[in-house]
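Note on naming: letters A, B, ... go to the chains in the order of the sequence lines (proteins, then strands), and numbering restarts at 1 for each one.
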Number of protein chains: 2
Amino acid sequence: MSEPRDTLFRYLTMLQLIPRFPGRIATPVLKEKLAERGFNIDTRSLQRDLSQKLSTQFPIGCDDSQKPYRWYFDRDFQCQLPALDVPSALTLVLAEEYLKGLLPPVVVGQLSPHFTDARKLLDDMSANGLSQWARKVRAIPNGKALIPAEINEATWQTISQALLEQKAVDVIYLSRTSHSEKAFTLHPQGIVSRHSATYLLAHVDGFKDLRQFALHRVKQATLSQQPWQEQHDFDVDEYIKGGAFGYRQGPSDVVLEADIAKPVAWLLQETPLSDTQSIEALPDTDGWYRLTAHVPDDQQTLWWLMGMGPNIKVTAPHAWRETIKTNAEQMLAHYAIESSSSS
Amino acid sequence: MSEPRDTLFRYLTMLQLIPRFPGRIATPVLKEKLAERGFNIDTRSLQRDLSQKLSTQFPIGCDDSQKPYRWYFDRDFQCQLPALDVPSALTLVLAEEYLKGLLPPVVVGQLSPHFTDARKLLDDMSANGLSQWARKVRAIPNGKALIPAEINEATWQTISQALLEQKAVDVIYLSRTSHSEKAFTLHPQGIVSRHSATYLLAHVDGFKDLRQFALHRVKQATLSQQPWQEQHDFDVDEYIKGGAFGYRQGPSDVVLEADIAKPVAWLLQETPLSDTQSIEALPDTDGWYRLTAHVPDDQQTLWWLMGMGPNIKVTAPHAWRETIKTNAEQMLAHYAIESSSSS
DNA sequence: GCACTTGCGACATTATATGTCGCAAAAAAG
DNA sequence: CTTTTTTGCGACATATAATGTCGCAAGTGC
């Protein structure tokens with residue numbers, strides 16, 4: 001069945017089977033995988049291809065310390081097949097700027113070959129014209145950028161692999177309360193990335209309840225021998241809505257009614273709160289508008305409203321209005337006490 | 001010089017020269033570009049390669065309505081050369097979730113082949129084990145996700161190209177104030193993506209001042225015949241610090257001092273405000289801590305502090321303390337008036 | 001120590017890639 | 001509208017590269 005469906009295509013397949021550096025693949029394994037894909041080829045040819053063709057034209061390395069040689073791609077090599085175009089490269093640069101504040105460095109690092117590729121393309125473009133794109137493009141994150149928690153690279157790889165391949169993991173975990181390291185066997189059910197921290201949702205071996213484990217407190221992780229315990233019908237959205245991350249969400253949307261100042265009105269006209277929002281000018285006010293919108297009944301919307309400070313006056317739902325009012329009272333109380341005691 | 005440096009490599013080069021769909025490349029152009037890269041090959045060979053080898057093995061199309069045939073890749077085809085590994089695929093999924101709330105759909109769409117690729121890999125993995133990764137992985141954005149403003153795809157492509165290639169653009173722009181469409185020739189100097197809206201910084205032809213143009217209000221954009229006007233020493237960071245986007249920043253960092261409640265202390269221990277922060281327990285309080293940190297003197301930090309509401313009590317800098325206090329007073333005033341007038 | 005696997009040089013054979021030529025159809029130029 | 005140029009394509013001969021086979025040496029595992 002070794003139809004000459006082209007050497008090119010076989011090479012391409014080989015290149016796709018060779019993993020990036022931390023990984024490696026032994027020659028006989030490669031031969032088998034190629035056979036699975038319909039390339040029945042002699043071992044000798046494979047050896048020749050690897051050592052004479054591919055590794056001379058591509059940044060491919062070979063670990064020849066053991067006898068079934070193992071092959072791998074250079075850590076930072078990347079090759080898009082339809083090459084990157086300019087708009088995509090620009091998008092990647094923007095994406096990287098945003099993600100740097102949202103995901104741990106190691107996780108973003110996982111994508112660094114892509115970003116490097118994009119920057120190289122832009123650099124090449126600028127080479128002639130000195131366009132200095134780096135001084136022209138910027139992403140402003142949505143809120144204050146906290147410094148993302150550091151995660152160990154091997155941890156991320158092991159945990160993500162375990163989650164997707166449905167395996168248990170043995171971890172050494174630094175508990176938040178006791179400051180002591182403990183060993184657990186965990187059965188991963190989900191991953192949630194929130195703000196700048198990333199959490200694994202998992203059962204501890206032998207227990208039925210789901211717990212959160214901050215990935216940056218995982219000191220070490222290895223795939224476990226234990227069989228994986230599944231929680232049937234786990235749904236991360238349900239879990240989040242249940243309030244586990246401080247984002248409790250009511251069962252249905254609510255109707256938000258508020259008076260908003262002009263800057264907020266402009267903002268919302270361009271990037272609406274929801275599909276159904278309406279904004280109408282209020283007569284006899286100095287640039288105030290009436291906002292009505294169906295929004296989810298969640299913490300984030302409430303925080304957004306509070307973040308707008310005096311530029312927004314919520315009238316409904318009543319519960320939000322009261323929360324905001326109480327909040328302001330408490331804040332003021334803090335400062336009133338403070339100033340009387342300190343001055 | 002037509003060294004047989006391998007057909008494989010030439011094919012690879014050809015594949016990289018063929019653009020993704022909206023783009024296309026004519027056979028003679030391809031020949032020329034190949035020659036530039038050292039592949040001196042006969043036209044006939046090129047034709048054979050394209051029509052018999054590449055287009056049968058790859059999703060490559062050909063526009064044969066005009067005589068110099070034009071070749072292009074399928075719109076959604078993607079081929080990573082070291083194939084995606086599992087951790088990278090998971091990272092891409094998380095990245096997409098975050099970016100969907102941060103960049104206009106069209107811009108994220110620019111990267112969709114990458115994301116599709118990642119999802120396909122995860123699907124394939126789950127095929128046997130039914131791991132349903134889609135129900136296991138979630139990113140919770142930092143703040144309220146407003147609906148990103150829609151941008152026309154062609155607009156994004158034209159504008160990004162113009163910016164990087166230092167060309168002027170003719171646009172039809174819907175001005176915010178007058179609600180009327182106007183035609184301008186713009187000289188792009190930078191792009192800023194903020195929250196969910198993206199802005200072009202450019203000179204209007206014939207003027208010296210820099211203005212902001214929201215990309216979602218650009219109705220049409222084409223590369224202009226006008227030569228591009230450069231602004232010397234333009235630096236987008238300087239521009240932003242100048243306060244143009246409401247993010248005025250003081251010249252130097254300030255020392256933040258505040259009392260924080262336990263939940264905030266925990267948050268900041270994991271994702272610090274800055275490299276130099278210190279948190280110490282306050283005696284005789286019910287779980288309050290003293291925070292000291294060097295932070296930038298900018299709007300975003302201030303907003304973040306205000307967002308923490310009664311869980312944080314700022315003592316220094318004095319200006320921030322006063323701003324927060326005034327803010328709370330104004331908010332309370334709103335609701336006091338409101339409740340007395342309405343009830 | 002022994003069977004087994006793996007890498008590699010050499011060689012013959014097959015398969016493939018490449019340039020050349022001629023023709024036809026389509027653009028471009030006049 | 002005609003002429004010239006460009007482009008695509010089938011055919012063919014030839015050079016070139018790719019592939020399987022064999023033998024040997026060196027490592028690996030029992």
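The Thr7(B) side chain lies nearest to dT18(C) when the options are dT28(D), dT20(C), dT18(C). If you check dC21(C), dT6(C), dG20(D) against the side chain of Ile41(A), the one that comes closest is dG20(D). Distances from the side chain of Arg44(A) to the nucleotides dT18(C), dC9(D), dA10(C) place dA10(C) closest. Candidate nucleotides dT6(C), dA10(C), dG19(C) were compared by shortest atom distance to the side chain of Lys67(A), and dT6(C) ranks first. Considering only the side chain of Gln47(B), dG8(D) comes nearest among dG8(D), dT19(D), dG19(C). Out of dT19(D), dG19(C), dT7(D), the shortest distance to the side chain of Pro28(B) is found at dT7(D).
We find that OH of Tyr69(A) is positioned 12 Å from P of dA26(D), with the value rounded to whole Å. The distance between atom CG of Leu50(A) and atom P of dC8(C), rounded to the nearest whole Å, is 10 Å. Across the protein-nucleic acid pair, Trp71(A) atom CH2 and dG7(C) atom C1' stand 10 Å apart, rounded to whole Å. The nearest whole Å value for the distance from the CZ atom in Phe39(B) to the P atom in dT18(C) is 11 Å. Look at CD on Gln52(B): it is 9 Å from P on dC9(D), rounded to the nearest Å. Taking atom CD on Gln66(A) and atom P on dT6(C), their separation rounds to 12 Å, with Å as the unit. When rounded to the nearest whole Å, the span between CG of Leu46(A) and C1' of dT5(C) equals 15 Å. In this structure, Leu34(B) places its CG atom 11 Å from P of dT18(C), rounding to the nearest Å.
The base of dG9(C) has none of its N or O atoms less than 3.5 Å from a complementary donor or acceptor on the side chain of Arg48(A).
Relative ring orientation between Phe58(A) and Phe9(B) is described as perpendicular, the plane-to-plane angle rising above 60° on a 0-90° scale split at 30° and 60°. Taking the six-membered ring for Trp and thresholds of 30 and 60 degrees, Phe184(A) and Tyr173(A) have ring planes inclined between 30 and 60 degrees apart.
OP1 and OP2 of dA17(D) both lie 4.0 Å or more from every side-chain N or O belonging to Lys53(A). For dG8(D), the OP1/OP2 oxygens have a side-chain nitrogen or oxygen of Thr27(B) closer than 4.0 Å. The side chain of Ser45(B) places an N or O atom within less than 4.0 Å of a non-bridging phosphate oxygen (OP1 or OP2) of dG19(C). Applying the 4.0 Å criterion to OP1 and OP2 of dT16(C), one finds that Arg10(A) has every side-chain N and O outside that range.
Inspection of the Asp42(B) and Ser45(B) side chains reveals no N or O donor paired with an N or O acceptor under 3.5 Å. The closest side-chain donor-acceptor pair between Tyr11(A) and Asp49(A) falls under 3.5 angstrom.
Sequence order on DNA chain D of the closest nucleotides to Ser51(B) and Asp42(A) puts Ser51(B) first from the 5' end. Residue-to-nucleotide proximity on DNA chain D shows that, of Tyr11(A) and Ser65(A), the 5′-proximal contact is made by Tyr11(A).
At the heavy-atom level, Thr43(B) lies nowhere under 4.0 Å from the strands shown.
Around the CD atom of Glu32(A), the shell of radius 6.0 Å holds no more than 12 heavy atoms that belong to other residues, nucleotides or ligands.
Between the side chain of Trp228(B) and the main chain of Pro188(B), a donor-acceptor pair closer than 3.5 Å is present.
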